[in-house]
Amino acid sequence: MIKHDVVIVGSGLAGMRAALETCKGLDVAILTKVYPTRSHSGAAQGGIAASLGSTESDSWEEHMYDTVKGGDFLSDQDAVEEYVKAAPKVIYELEHLGCIFSRTPDGKIAQRHFGGHSKPRACFAADRTGHAILHALHEQILKEGKSVKIYSEWFMHSLITEGNKCKGVVVSDIQTGAVEVIQAKSVIFCTGGYGRVCKITSNAFASTADGVMAAFNAGIPLEDAEFVQFHPSGLYRQGILFSEAARSEGGYLVNGKGERFMEKYAPSRMELAPRDIVSRAEQSEIDEGRGIDGKDYIYLDLRHLGEKKINERLPQIRQLGLDFIGVDCVTDPLPIQPTAHYSMGGIPTNKFGQVIIDDQGTPMEGFFAAGECACVSVHGANRLGTNSLLEAVVFGQRAGKAAFEYTQKASFENINEGQEKARILETFEDIFQRDGTESYNVIRNEMKEVMTSHCGVYRSAKKLEHCIETLKKLQVRYKKGKVTDRGKLFNTELYEIIELGNMLKMAEIIATCALSREESRGGHHRTDFPKRDDDKFLKHTLVYPGKDGLDIKYKPVTLGKHKPVERTY
Amino acid sequence: MATFKIKRYNPEKQAEPYYEEFQYDIPAGSTVLDCMNEIKWQQDGSLTFRMSCRSAICGSCAVKVNGHATLACQKQAENMVKNDTIVLEPLGNMKPLKDLAVDFTPFWDKINKVTPYLQPRSAPPEKERRQSPAEFKMIDDTSTCIMCGSCYSDCNVLEVDDNFLGPAALAKAQRFVGDSRDSKTLERVKQLSEYGGIWDCTHCAECVERCPKPAEPFYRIKEIMAVALEKGVHDNVGARHAISFVNSVKHSGSLNENKLPVESMGFFNIKGLLELVPVGLRMLLKRKVPPILHKSIENVQDVRRIFRKLNQ
Ligand SMILES: Cc1cc2nc3c(=O)[nH]c(=O)nc-3n(C[C@H](O)[C@H](O)[C@H](O)COP(=O)(O)OP(=O)(O)OC[C@H]3O[C@@H](n4cnc5c(N)ncnc54)[C@H](O)[C@@H]3O)c2cc1C
Ligand code: SF4
Ligand code: SF4
Ligand code: FES
């Protein structure tokens, strides 16, 4: 059995930041299914928020209000306060570690406007902010090579718990197929989001819900799963993201009639209104026949910015347009549509990154989570752009610190290694035994299709019921699909099948929670309940694995000085 | 209908690699990676390769397309078809594990060798360390590297000399050599001037051709060379080689190619001269042009550039 004081699953911003916090004095392992620098954090383009006030005076109070309002008042305000207060410090810390940032003429970290923020608060490195931070953290991990062991291309299958205690994880080496148990005093999950459940998504192939499902399968509830953010500028058909930076630098959204339609929906913020509002505006234009040529896309127009500014500030966006659709945004507008982008929900944690297992705030000992897979909740019903890189770094650090302190006093717990391994080996064997004829690709595509069309920007009871029914049928079909690779070595098909299993369950959870929330708030919009309903739903959803199906409960929101008001921009 | 001719390898089943052909009708707008995925999902689930972001930022999906290292997710498939065929092979200079997936261990080991993290001058200030936009510009290109290994795969020197740090690690080194916040510039260029470092690059610029990002290692290598010469780090084969170029160009306006190898190794460095022989032979065996015996006129441009940098 492999042993480490701390095992961190996931090596995006959250995972590597947590590792830096725990490695001083402890034996730490990072386990990741893709090499650390290939984690999805690297795809973040636009920026990371902090009230540095580099160019305009700013304060944590303003950052806090924008975040709470952006989240449609579902954020836990005690957590938000600590999070925005910590922001400037963590940004300076990243800079000190060597992270590159674009600069102001006098050498400070440059900042720009971003949707939903009332001040220019987004620190950035051209249009590859996530990449810059990811690589800077990776450099530090290499520096700490002696105390951090990287298990690259290893897959985490399940969490080992007993009662209220977490004892380790069951994993396998993707390259060799070997199943192993890792015993640990603390486990930190930083497994990212699960946008891959949708057809149109900005997420990487690795964003597949393994972490949240491992927690759920261990009996831990998931919080606010119905809140999925749809980003307004996904490349038509592909979903690949054109960063919001395109709009913060002054890009226009234009419908089929050539109108800047945001005038109708958010006259004061226009294109820079929060994402949920812009995505709904786009979807409405499309649904009402004002897409380009009546089709399901609209235009992101950057032409008026000029080649110089585009090359300087948005080089990657120009390149993406050229590579993926052969459109040069200097001379032509880019076709876009809303794309599933960010999962507000996840594994419930307190503001220290400890996983909590009920509505009383009871922590699971030795289990921590941070980043997109966790729900603290600072983002509430809708996350503001640039707030999630910040979340990954702030709560990665905090979860690391909490785990560090816990681990000092904790000891290794007994694990029945044989039994734990056998369970995963059986899963493998079960998959290898399947002799169906239906391609898993068909099942996966049907799931994605129904999630985008029935559990997307606009939802209703009718749509969601159909969605859940479809998913349940797919779960049955999943049990006997067609398997072609039964080898041990680097069997990517096997892992894709396992991931699909996780996603089918996660999709059902999202749709079921969405059906129960009979109101519209932030990223969750019900056409049959178009208003926010604070009397009934100013509360977090907690979904548990029940005896037959899913058990849905709720817990109160921690309010603070900001009382819910109508959210207009 | 296009033919995807894919190099297959699965040591569990068969010791030797072989080519397999798949027929696939490329839908408009598909990237090479889209096609690879569809072939895997529709025709043969055992086809193995890496991928994640599909937006040219994670660096997972580099493979050889028609003989050259390429990011599969960044290229429109239609543009890569030659004679109705696209040939896919694993990256070079690394050991294949299965089909198109190779073992990146040596790649990362070399990154690790260039002290790939900031070594700042002083304890951190309360806020940020100031850096001007011009200083940022010095490390802007190098920091776009996504560690895809394309340059590493197609570098000619790596093919014959495992000790060469290779383009990606050297580009990573420039990330810190060029960083105004780093304090170890001299130590870094000294280390990078040793055997296996910047002076072992043959200036073939293949890595620039293959790099999917503005990182373009060869230009970064030249930037390090300029810093090395500026800092007076001459006492090694490569630098002497460059200086001998300088002298040659300065005196005659052209290169005395016959004199070069001798002068750059030092007239009395018999051991060094002998060391050149096996490299030359290995190059010849691999049908590569010997690095030092052949210097095209492009290299004169390099020298002139270094020349200009030195204001001589
Ligand atoms: C295209 C795009 C652009 C974005 N732009 C911005 C932006 O500008 N600003 C902003 O604030 N936010 C942005 N976001 C959101 C932000 O990037 C993410 O929320 C954040 O990076 C998540 O970081 P993370 O560390 O939680 O997870 P990730 O970086 O996604 O890392 C997840 C890790 O978990 C590992 N993992 C997952 N499952 C397993 C398993 N079963 N076994 C082993 N390892 C596993 C993966 O290998 C990976 O290392 C963007 C998101 C996208 C998709
Ligand atoms: S220019 Fe140098 S580093 Fe680049 S491929 Fe050629 S020999 Fe290798
Ligand atoms: S330098 Fe370019 S080709 Fe080489 S690893 Fe980096 S991005 Fe890839
Ligand atoms: S899949 Fe990430 S670079 Fe191609």
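All chains are named by letter (A, B, ...) in the order of the sequence lines, taking the proteins before the strands, and each is independently numbered beginning at 1. Here the structure is a predicted model, which means the values were calculated and not measured. For the numbers below, each heavy atom of this structure counts, side chains included, while hydrogens, waters and symmetry mates do not.
- Per-residue heavy-atom pair counts under 4.5 Å with chain B were compared for A/Q175, A/Q140, A/R237, and the maximum is reached by A/Q175.
- For the residue pair A/F490 and B/L97, the shortest heavy atom distance occurs at CE1-CD1, 3.9 Å.
- Annotation: side chain of A/I100 is in contact with side chain of B/I139 (closest heavy-atom distance under 4.5 Å).
- Panel note: side chain B/Q76, backbone A/D323; a donor-acceptor pair is recorded below 3.5 Å.
- Geometrically, A/R38 engages B/F104 in a cation-pi contact, judged by NZ or CZ lying under 6.0 Å from the ring centre and within 45° of the ring axis.
- A distance-only check finds a donor-acceptor pair linking the side chain of B/K98 to the backbone of A/L489 [under 3.5 Å].
- Chain A forms the most heavy-atom pairs under 4.5 Å with one residue out of B/S132, B/C53, B/P133, and that residue is B/P133.
- What you find for B/D44 and A/T484 is that their closest heavy atoms are C-OG1, 4.2 Å.
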- Full working for side chain to side chain contact (heavy atoms under 4.5 Å, CB included) between A/F205 and B/N37: CA-CA 11 Å; A/F205 281 105; B/N37 271 324; 3.7 Å; yes
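- The side-chain heavy atoms of B/S55 and A/L320, taken from C-beta on, include a pair separated by under 4.5 Å.
- The most heavy-atom pairs under 4.5 Å with chain A, out of B/G59, B/G29, B/P11, come from B/G59.
- Listed for the B/R181 side chain is a donor-acceptor partner under 3.5 Å among the backbone atoms of A/G98.
- Between B/M147 and A/H138 the shortest side-chain heavy-atom distance does not fall below 4.5 Å.
- Taken from NE2 in A/H40 to SG in B/C58, the straight-line distance is 9.0 Å, to the nearest 0.5 Å.
- Heavy-atom pairs under 4.5 Å with chain A were tallied for B/R175, B/K75, B/Q119, B/K13; the largest tally goes to B/R175.
- Between A/N441 and B/E38, the closest side-chain pair of non-hydrogen atoms falls below 4.5 Å.
- Using a 4.5 Å cut-off between heavy atoms, B/F49 contacts chain A through its backbone alone, with no side-chain atom that close.
- Within the 4.5 angstrom heavy-atom criterion, only side-chain atoms of B/K172, from C-beta onward, approach chain A.
- B/R54 places no side-chain N or O within donor-acceptor distance of the main-chain N or O of A/A204, the cut-off being under 3.5 Å.
- B/T144 is not listed as a side-chain neighbour of A/Q316, based on a closest heavy-atom distance of 4.5 Å or more.
- For the options B/P125, B/P120, B/A134, B/P214, heavy-atom pairs under 4.5 Å to chain A are most numerous at B/P125.
- Side chains of A/R103 and B/E128 form a contact here, defined as non-hydrogen atoms less than 4.5 Å apart.
- Contact annotation for residues 88-96 of chain A against chain B (heavy-atom separation below 4.5 Å, listed by residue number): A/Y92, A/E95, A/H96.
- Under the 4.5 Å side-chain criterion, counting only non-hydrogen atoms from C-beta, A/E153 is in contact with B/R50.
- Under a 3.5 Å cut-off, the side chain of B/E12 and the backbone N or O of A/K488 do form a donor-acceptor pair.
- You'll find the side chain of B/D34 reaches within 4.5 Å of the side chain of A/Q238, heavy atoms only.
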- How far apart are the C-alpha atoms of A/D106 and B/R130, what are their side-chain angles, what is the distance that settles it, and do they pass the side chain to side chain contact (heavy atoms under 4.5 Å, CB included) test? CA-CA 8 Å; A/D106 57 347; B/R130 297 289 178 104; 4.0 Å; yes
Which atom pairs, one a donor and one an acceptor, fall under 3.5 Å between side chains of residues 106-118 of chain B and the rest of the protein, sequence neighbours left out?
{"residue": "B/K110", "atom": "NZ", "partner": "B/Y152", "partner atom": "OH", "Å": "3.1"}
{"residue": "B/K110", "atom": "NZ", "partner": "B/D162", "partner atom": "O", "Å": "2.6"}
{"residue": "B/K110", "atom": "NZ", "partner": "B/F164", "partner atom": "O", "Å": "2.9"}

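- Residues A/R128 and B/S143 bring a donor and an acceptor atom of their side chains to less than 3.5 Å of each other.
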